[in-house]
Amino acid sequence: MTPEQTSEEAAEAADIRLVVLDMAGTTVADGGLVERAFATAARELGVEPDSADHAAKLDHVRATMGESKISVFRQLFGEESLAQRANSAFEKAYGELVDEGLIAPIDGAREAIEELAGSGRTVVLTTGFARVTQDAILDALGWRELVPLTLCPADAGGRGRPYPDMVLEAFLRTRAAEGVRQVAVVGDTSYDMLSGVRAGAGVVAGVLTGAHGGATLRAAGATAVLGSVAELPSLLGGVGS
């Protein structure tokens, strides 16, 4: 229990059995790699780097952090073939940046995940990236065996955040919780918060290590805002405590 929690909130947090964690910006520090990979993809589709069009598209990318990347490119380029080209270029560029070692865990993230698992909770990692990129990140961090399940939008029927599909897929696949109120959803974007709210999660926690600030996270439905995921075990406390 934290000083900010009411006794009712602390009791609900202690009842959490499944924790669904975002990756980039929440458990993984990518140092702006999303924007760098987007610039590569946009350039491939003829968007000039210093143009007004590029600036407007980059603003949209920032506003929709957390959403499925192919969905974002559909919004930006309209035509499906262009969106697919942009997404392929983005995933390739991001993967190359990961391979260069330009990615690291958020401080205390691995330890928090291990502590949550040690308390009897099941932890699932989710992303808006394609599976190939998610796997590249997991390999780069040595996290393949860290959690029992990782999910990308394709694993949940193709819809990423702000839809609740990945959260509900984690709930159904793991069978770790008796109901959705025993699920915690944690992320750094408003879309993470919306996906948790729409899934009916008992705890929807924002973290300040990624795209959006506390006011934006709370406006999207965050029940708690943490400095980082390292604070999550303290928020949830021991199971049944």
Side-chain angles (χ1 to χ4, degrees), residues 13 16-30 34 65-68 103-129 131 133-135 137-153 155-156 160-174 176-177 180 182-212 217 220-237 239:
I16 294 298
R17 296 296 186 274
L18 172 63
V19 182
V20 181
L21 297 175
D22 170 52
M23 292 182 67
T26 301
T27 54
V28 180
D30 78 348
V34 167
M65 285 290 190
E67 187 173 355
S68 167
I103 202 162
I106 294 288
D107 286 345
R110 184 184 185 105
E111 292 81 1
I113 292 169
E114 291 173 339
E115 185 173 346
L116 292 167
S119 72
R121 296 181 169 102
T122 298
V123 181
V124 174
L125 292 172
T126 64
T127 186
F129 295 131
R131 168 55 63 183
T133 304
Q134 184 177 37
D135 285 347
I137 295 170
L138 294 169
D139 287 340
L141 298 179
W143 281 12
R144 279 280 192 169
E145 307 302 323
L146 183 59
V147 297
L149 179 66
T150 62
L151 295 171
C152 67
D155 298 321
R161 311 176 191 107
Y163 298 102
D165 301 26
M166 286 195 289
V167 178
L168 297 175
E169 186 73 13
F171 171 76
L172 291 171
R173 286 207 200 182
T174 63
V180 291
Q182 290 185 331
V183 179
V185 175
V186 186
D188 66 294
T189 71
S190 60
Y191 280 13
D192 290 304
M193 303 302 95
L194 284 171
S195 70
V197 170
R198 291 172 176 178
V203 171
V204 180
V207 294
L208 300 177
T209 50
H212 295 155
L217 295 168
T223 59
V225 176
L226 309 174
S228 81
V229 71
E231 299 173 16
L232 185 60
S234 294
L235 177 73
L236 299 184
V239 173

Q. Between CD of E231 and CG of L208, what distance do you get to the nearest 0.5 Å?
A. 8.5 Å
Q: Of all the heavy-atom pairs spanning V229 and T27, show the shortest one and how long it is.
A: CG2-CG2, 4.4 Å
Q.
Would you compute the distance between atom CZ of F129 and atom CD1 of I137 and round it to the nearest 0.5 angstrom?
A. 5.0 Å
Q. Which heavy atom in A177 sits nearest to a heavy atom in V183, and how many Å separate them?
A. CB-CG2, 4.3 Å
(Q) Less than 4.5 Å apart, side chain to side chain, heavy atoms only: is that true for T26 and I106? (A) no
(Q) Are L138 and M23 packed together at the side-chain level, in the sense that at least one heavy-atom pair is separated by less than 4.5 angstrom? (A) yes
Q | For H212 against S190, the heavy-atom pair lying closest together | A | ND1-N, 2.9 Å
Q) What residues form a side-chain hydrogen bond (donor to acceptor under 3.5 Å, both in side chains) with D107, not counting sequence neighbours? A) none
Q. What closest approach, in Å, do V207 and G25 show between heavy atoms, and which atom pair accounts for it?
A. CG2-O, 4.0 Å
Q. Which of these, D139, L151, T127, sits in a side-chain contact (heavy atoms from CB on, under 4.5 Å) with Q134?
A. T127
Q) Taking only residues two or more places apart in sequence, or in another chain, which ones meet R131 in a salt bridge (Lys or Arg N to Asp or Glu O under 4.0 Å)? A) D135, D155
Q. What distance do R121 atom CZ and L232 atom CG have between them, rounded to the nearest 0.5 Å?
A. 8.0 Å
Q.
I need the minimum non-hydrogen distance between A230 and A112, along with the two atoms involved.
A. CA-CB, 4.2 Å
**Q.** Approximate separation, where rounding is to 0.5 Å, of L125 CG and I113 CD1
**A.** 5.0 Å
Q: Could you go through the side chain to side chain contact (heavy atoms under 4.5 Å, CB included) check for V28 and W143 one step at a time?
A: CA-CA 11 Å; V28 180; W143 281 12; 4.0 Å; yes
Q: Hey, could you give me the CD/OG distance between E114 and S119, rounded to the nearest 0.5 Å?
A: 12.5 Å
**Q.** Heavy-atom pair of closest approach, residues L141 and R110
**A.** O-NH1, 4.4 Å
Donor-acceptor list for residues 191-204 side chains, cut-off 3.5 Å, not counting sequence neighbours:
unit_1, atom_1, unit_2, atom_2, d
D192, OD1, R161, NE, 2.8
D192, OD2, D188, N, 3.2
D192, OD2, T189, N, 3.1
D192, OD2, T189, OG1, 2.7
S195, OG, D192, O, 2.7
R198, NH1, P162, O, 3.3

